> 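Here's a structure for you.
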Amino acid sequence: MSENKKLNPELPSGFKDRINEELLLRDEIISLIKNNFILNGFDQLETSSFEYSDVIGKFLPDQDRPQSGVFSIKDENDWISLRYDLTAPLARYVAKNYDLLPRPFKRFQVGQVWRNEKPGPGRFREFIQFDIDIVGDSNVQYDADLCLVISDTLNKIGLKNQDFKIRINNRKLLQGLLEDLKILDYKQIQSTLRAIDKLDRVGIKGVELLLGNGRKDKSGDFTKGAELKKNQIDKIISFLDFKDFNKITPLNEIFSEGIKELIIIKNYFELFNFKNFVFDPTVIRGLDYYTGPIFEANLSFKVKNEKDVEIEFGSIGGGGRYDKLVNRFKNLNAPATGFSIGVDRLIYALLQYDDLKIKNIIGPIVICNLDEAYLGYYRQILSKLRDANICSEIYLGKNSLKNQLKYADKRKSPYVIICGEDEVKNNEVTIKNLKDTDKVSDAINREDWKSSSKQKKCSIENFLKEIKI
RNA sequence: GCAGUUGUAGCUCAGUUGGUUAGAGCGCUUGAUUGUGGAUCAAGAGGUCGGUGGUUCAAAUCCACCCAACUGUACCA
């Protein structure tokens, strides 16, 4: 590399550095979620970051869009990919270890996942998912139980019931409806479901257009619709308006099966006195592997973007029943249901949540270094602090005291300890309080500083009692 | 992928009908106190004006192409 051509310190698009403040909150939230899942009887599992490409999805790297969706590399003769979610690896794991696992197998997993696609606002190519799943039982009471666990977990993170709501629906209702309307073509089913899924973004009028011929977006770009007939569209739109599944007349067998499942779920909620849910026929979930109840957790407080504009934040997690996923590997009876929390999105929202403002970051107490000759003295102070479990360090650089204070300020240190000739001679330490940053001191010389209320001289034996963090 | 908008200092941006040495605020460094951070004042460092090519005596400014970012939209196991 030549002297004048410097490297650009940039990150690949869609990736992000994460700093101390964010990580502290993230770790705290992850551990709250973990502990609550353990409390609710779930085991932990960690699968590897890479999987064989064909194991985790249908996009094989040698098809027409080689890298689309996933990050893949060729390993000897096989293509392997970074996982794009935690559900596909779970299905693989269950298929591989089925005989050894208790049934149902209740597990949770937290970890990074990677998606090789265009990043958007709040959407990255590397992010954390937190999944909780129950594999091996088709009883939808397990689905209901998942919702209770999730709701309880959000409470433990600090959200109140009015801050979020669990919305539930059942794919079987949609399946029944589409069958009744004679919408049987796979592609048409897909575009119909996708159109409904967009209700929150494009509104009911937008959905109507997308079910019909298509819709133009703000920039003038045209999106092709599902091309349904007028009476089909009308029936779908009126279905989306139902508020109470008990009042819907079942259209066919699969439809009434869906209703029955919702009733079981509702009864289970009542048993546990759980009310923070709502039936919402517009909940769809994008993925097509869902086969039964589906659910989403939505925040109800306002969230702003970087430009301070309120945005439709959407869900912080969702999931549902997928009974066929393990069957891709073996002919096993492994019906499953799961819920996934988008941890990064949750944190993004929580950072703005009033009742959960980040606690003030507290840096280490910095023992200033006035002369290397006093290092032994500083070490005694450091030991006392650390023995008392107080985060602390000796500044080892050769900078001026002024610079050391600037450093401590940036680290958000609550105190600095200043010991020079005088203090060492008298077995004392000077403790300077940095916490109250509102007042600029007007002391101008050393004598003034000595008598300043913001700093105090004590003996090295009992200076600890002056430190209050 | 498609469409629209925008690319000037680390960040946020100004830059006149094309015209001398490209600016401001914030941040950063140093100093005003050789033992005192956050305020104030002063000085300083920091730019391939997104890239390449073209028009012109002259381009940050005009033209073409490319690249990137943002917004919307599509795809998303």
Side-chain angles (χ1 to χ4, degrees), chain A residues 4-6 8-14 51 53-60 63-65 68-70 81 83-89 91 113 115-121 123 125 190-191 194-195 197-198 201-202 206 210 214-225 285-290 305-307 309 311 322 325 328 363 366 368-371 374 395 399-424 430-452 454-455 457:
Chain A
N4 31 9
K5 270 224 166 171
K6 297 294 186 192
N8 218 1
E10 293 304 321
L11 251 38
S13 130
E51 297 270 356
S53 302
D54 53 353
V55 160
I56 54 167
K58 66 185 178 192
F59 288 166
L60 297 180
Q63 281 176 346
D64 29 332
R65 297 196 301 172
S68 178
V70 292
S81 303
R83 64 184 179 215
Y84 59 83
D85 72 5
L86 299 175
T87 309
V113 300
R115 292 190 187 179
N116 190 4
E117 56 193 28
K118 186 187 139 182
R123 288 186 72 178
R125 296 205 288 175
Q190 287 305 299
S191 47
R194 252 184 263 126
D197 199 26
K198 279 171 198 137
R201 274 177 291 158
V202 301
L210 283 171
R215 157 179 189 274
K216 253 189 200 174
D217 70 42
K218 272 186 203 159
S219 68
D221 193 35
F222 187 75
T223 309
K224 204 168 166 290
R285 306 294 301 161
L287 315 182
D288 68 353
Y289 59 59
Y290 289 119
N305 66 9
E306 299 80 41
K307 288 175 186 160
V309 179
I311 51 172
Y322 52 97
L325 214 53
R328 293 196 308 127
V366 174
C368 295
N369 180 10
L370 273 69
D371 193 318
Y374 306 138
Y395 190 93
N399 278 312
S400 68
L401 180 59
K402 191 188 182 88
N403 270 316
Q404 298 188 33
L405 284 165
K406 278 189 179 178
Y407 166 80
D409 194 37
K410 244 180 198 170
R411 290 294 305 273
K412 300 195 164 66
S413 303
Y415 299 94
V416 291
I417 287 181
I418 303 170
C419 297
E421 201 187 347
D422 299 352
E423 287 87 350
V424 174
T430 293
I431 301 166
K432 181 179 171 66
N433 185 337
L434 296 188
K435 281 185 293 191
D436 311 311
T437 56
D438 52 326
K439 262 203 174 169
V440 177
S441 180
D442 49 2
I444 46 158
N445 59 43
R446 193 174 162 187
E447 293 311 309
D448 289 351
W449 284 118
K450 279 184 188 170
S451 54
S452 159
K454 297 188 72 176
Q455 65 185 55
K457 221 174 229 190

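Predicted, not measured: the structure shown is a model, and the values here were computed from it. Here is how names work: the chains are called A, B, and so on, in the same order as the sequence lines, proteins then strands, and each is numbered from 1.
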> Using every non-hydrogen atom in the two residues, find where A/E421 and A/Y374 come nearest and quote the distance to one decimal.
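Answer, listing the atom of A/E421 first, then A/Y374: CA-OH, 3.4 Å.
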
> So if I take every side-chain heavy atom of A/K198 and compare against B/U73, B/C75, B/U36, which nucleotide ends up nearest?
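From the listed options, B/C75 comes nearest.
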
> Holding to side-chain hydrogen bond (donor to acceptor under 3.5 Å, both in side chains), I want the full list of residues that pass it with A/N403, two or more places apart in sequence or in another chain.
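Counting only residues at least two positions away or on another chain, A/N403 forms a side-chain hydrogen bond (donor to acceptor under 3.5 Å, both in side chains) with A/S400.
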
> Could you please name the option among B/G35, B/G37, B/C76 that lies closest to any side-chain atom of A/R194?
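Within the option list, the nearest is B/C76.
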
> Name the residue closer to the 5' end of RNA chain B, choosing between A/S400 and A/I418 according to the nucleotide with the nearest heavy atom.
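The 5'-side residue here is A/S400.
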
> Check if the side chain of A/E423 and the base of B/G35 share a donor-acceptor pair of N or O atoms closer than 3.5 Å.
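Pair found.
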
> I'd like to check the side chain to side chain contact (heavy atoms under 4.5 Å, CB included) partners of A/R194; sequence neighbours left out, ordered by chain and number.
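Checked A/R194 against side chain to side chain contact (heavy atoms under 4.5 Å, CB included); matches are A/Q190, A/S191, A/K198.
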
> Who passes side-chain hydrogen bond (donor to acceptor under 3.5 Å, both in side chains) against A/Y395, sequence neighbours left out?
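side-chain hydrogen bond (donor to acceptor under 3.5 Å, both in side chains) check on A/Y395 returns A/N399.
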
> Please give the distance between the P atoms of B/U16 and B/U6 as a whole number of Å.
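About 15 Å, rounded to a whole number of Å.
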
> Output the rounded distance in Å from CG (A/D409) to P (B/G37).
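Going from A/D409 (CG) to B/G37 (P), I get 10 Å.
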
> Identify which nucleotide among B/A74, B/G35, B/U30 has an atom closest to any side-chain atom of A/L210, counting heavy atoms from C-beta outward.
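For the A/L210 side chain, the nearest candidate turns out to be B/A74.
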
> For a quick test of reading the model, state the closest non-hydrogen atom pair linking A/S53 to A/S81 and the distance between them.
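The pair with the smallest heavy-atom distance is OG-OG, 2.6 Å.
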
> With A/S413, which residues qualify under side-chain hydrogen bond (donor to acceptor under 3.5 Å, both in side chains), at least two apart?
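Scan of A/S413 (side-chain hydrogen bond (donor to acceptor under 3.5 Å, both in side chains), adjacent residues dropped) gives none.
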
> Which one, B/U36, B/G37, B/C28, comes nearest to the side chain of A/K410?
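Taking heavy atoms from C-beta onward, the closest nucleotide is B/C28.
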
> B/G37 C1' sits how many Å from A/Y395 OH, rounded?
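Computing the A/Y395:OH to B/G37:C1' distance gives 12 Å.
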
> Side chain of A/R115: nearest nucleotide among B/U73, B/A77, B/G37?
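Among B/U73, B/A77, B/G37, the one nearest the side chain of A/R115 is B/A77.
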
> B/A77, B/G35, B/U36: which one has an atom nearest the side-chain heavy atoms of A/Y84?
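Selected nucleotide: B/A77.
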
> Without decimals, in angstroms, what is the distance between A/K406 NZ and B/U30 P?
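Checked: the NZ to P distance equals 6 Å.
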
> To the nearest Å, how far apart are A/Q455 CD and B/U36 P?
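To the nearest whole Å, that distance equals 10 Å.
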
> State which residues pass side chain to side chain contact (heavy atoms under 4.5 Å, CB included) with A/A195; sequence neighbours excluded, sorted by chain then number.
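Residues passing side chain to side chain contact (heavy atoms under 4.5 Å, CB included) with A/A195: A/L210, A/L211.
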
> Tell me which nucleotide among B/G35, B/A77, B/G37 gets nearest to the side chain of A/Y289.
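Selected nucleotide (nearest to the side chain): B/A77.
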
> A/T430 has a side chain; which of B/A77, B/G35, B/U73 sits nearest to it?
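The answer is B/G35.
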
> What about A/K432: does its side chain form a donor-acceptor pair under 3.5 Å with the base of B/U36?
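Side chain to base: pair found, below 3.5 Å.
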
> Main chain of A/N116, side chain of A/R125: is a donor-acceptor contact present, judged purely on distance under 3.5 Å?
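No, the answer is negative, given that no donor and acceptor are paired below the 3.5 Å cut-off.
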
> Does the base of B/U36 carry an N or O that pairs as donor and acceptor with the side chain of A/Q404 under 3.5 Å?
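Between B/U36 and A/Q404, which were checked side chain against base, a qualifying N/O pair under 3.5 Å is absent.
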
> Just the rounded figure in Å: distance from C1' of B/G37 to CG of A/N403.
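After rounding, the reported distance stands at 10 Å.
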
> Given pairs defined as Watson-Crick or G-U wobble with both distances under 3.5 Å, what dot-bracket annotation applies to RNA chain B, with ( ) intrastrand, [ ] crossing, | other strand and . unpaired?
(((((((..((((.....[...)))).(((((.......))))).....(((((..]....))))))))))))....

> I want to confirm an ordering. Mapping A/N399 and A/C419 to their closest nucleotides on RNA chain B, which one lands closer to the 5' end?
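Final value for this comparison: A/N399.
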
